[in-house]
J.: 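Quick one: structure below, then a few questions.
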There are 2 protein chains.
Amino acid sequence: MGNDNCVIKKEIDIRNLYDLSELFKVFGDSTRIRIIGLLMDGEMCVYHIADNLNMNHSAISHQLRILRSAGLVRPRKDGKTVYYSLDDEHVEMIFKMGLEHIIHKNGVVEN
Amino acid sequence: MGNDNCVIKKEIDIRNLYDLSELFKVFGDSTRIRIIGLLMDGEMCVYHIADNLNMNHSAISHQLRILRSAGLVRPRKDGKTVYYSLDDEHVEMIFKMGLEHIIHKNGVVEN
DNA sequence: CCAACATATGAATATATGTTCATATGTATA
DNA sequence: TATACATATGAACATATATTCATATGTTGG
């Protein structure tokens, strides 16, 4: 890593670095991260998400759209209601990794 | 996970969720993620970071301050120059995990 | 078809945030 | 001490973004 032989890898990084920041930007909002936190426990419909977070359904819908276009969550329609779930295990991993960092920095918080 | 027995864990999550979004917010800027990308290869001084990114030294300094107060980078002073490096291995992990997600989503980009 | 419901979308507003410019701090060298 | 250099900081401006309100789309049941 870091030697100039690795030109291909460097290309990938440069090309994807902007996308990477965009990805983290999606995680970087308290409403969205709370939505992700809820979905860690399984799928949930818009109504219940909004209810859990004590927020406007519209606001949640807007945020879900952002999460959806970032490929972080996936909708499943059943009649009138739409259930959302985390798209893949990377999302959980990134979430958990961040949480570990926080806990590590704050000192161990476990009780 | 998700059952109401896990009150302690829930407490932790709720308390740390805002901090978590703040953490990702720091990753969620293209300048800062490029700085982190550079520091993946080892420590580097402000001058060279700015040079590498073709940016104002002031802008870099501002962003380094944000990275510093988030605990993502660490300064080492040597005479006039200040060298920055990634603070701990969590930072690299989060970076790599995100990159994997991007590459996974884009389809395999290798070569 | 109509009413009730769940979700989505668009426009508007208020707030947050990144970069620039000017200037300050701190360090080495003449 | 004076000058040059590396980095840091503060204010200002321009842009991005989250939430709200109003409205639209789509679905179920009467």
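Numbers restart at 1 for each chain; the letters A, B, ... are given by sequence-line order, proteins then strands.
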J.: Between A:N56 and D:dT19, is there a contact of a side-chain N or O with OP1 or OP2 at under 4.0 Å?
T.: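 Result: no.
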J.: Compare the ring of A:H62 with the six-membered ring in the base of C:dT9 and state whether they stack (centres under 5.5 Å, planes under 30°).
T.: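 The base of C:dT9 is stacked with A:H62 (centres under 5.5 Å, planes under 30°).
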J.: As an exercise, state the distance from CG of A:D29 to CD1 of A:I66, rounded to the nearest 0.5 Å.
T.: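 If we round to the nearest 0.5 Å, A:D29:CG and A:I66:CD1 are 7.5 Å apart.
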J.: What is the distance, rounded to the nearest whole Å, between atom CD of B:E22 and atom C1' of C:dT17?
T.: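 Result: 12 Å.
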J.: Roughly how far, to the nearest 0.5 Å, is the CZ atom of A:F27 from the CD1 atom of B:I94?
T.: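 It comes to 10.5 Å.
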J.: Between B:Y84 (OH) and D:dT7 (C1'), how many Å, whole number?
T.: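 In whole Å, D:dT7 C1' lies 8 Å from B:Y84 OH.
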J.: Would you jot down, in residue-number order, the residues of residues 24-32 of chain A having a non-hydrogen atom under 4.0 Å from DNA chain D?
T.: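 Within this stretch, A:K25, A:D29, A:T31, A:R32 sit under 4.0 Å of the strand.
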J.: Please encode protein proximity along nucleotides 25-30 of chain C as a string of B, S and -, counting only heavy-atom distances under 4.0 Å.
T.: -SBS--
J.: Report yes or no: is there a donor-acceptor pair, N or O only, under 3.5 Å between the side chain of A:T81 and the base of C:dC5?
T.: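 No.
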J.: Starting from C1' on D:dT9, measure out to CZ on B:R68 and report it in whole angstrom.
T.: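 It is 11 Å, rounded to the nearest whole Å.
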J.: What's the separation between atom CG in B:L39 and atom CG in B:D87, rounded to the nearest 0.5 Å?
T.: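 That separation rounds to 11.0 Å.
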J.: Quickly work out the A:Y47 OH to C:dA4 P distance and round it to whole Å.
T.: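 Computing the A:Y47:OH to C:dA4:P distance gives 17 Å.
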J.: So, taking the atom named CG in B:L53 and the one named CZ in B:R34, what distance separates them when rounded to the nearest 0.5 Å?
T.: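 Between atom CG of B:L53 and atom CZ of B:R34 there are 5.0 Å.
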J.: Scan residues 62-87 of chain A for pairs that pass ring-ring contact (aromatic ring centres under 6.0 Å, His included), counting only residues two or more places apart or in two chains.
T.: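 Counting only pairs at least two positions apart or across chains, no ring-ring contact (aromatic ring centres under 6.0 Å, His included) contact touches residues 62-87 of chain A.
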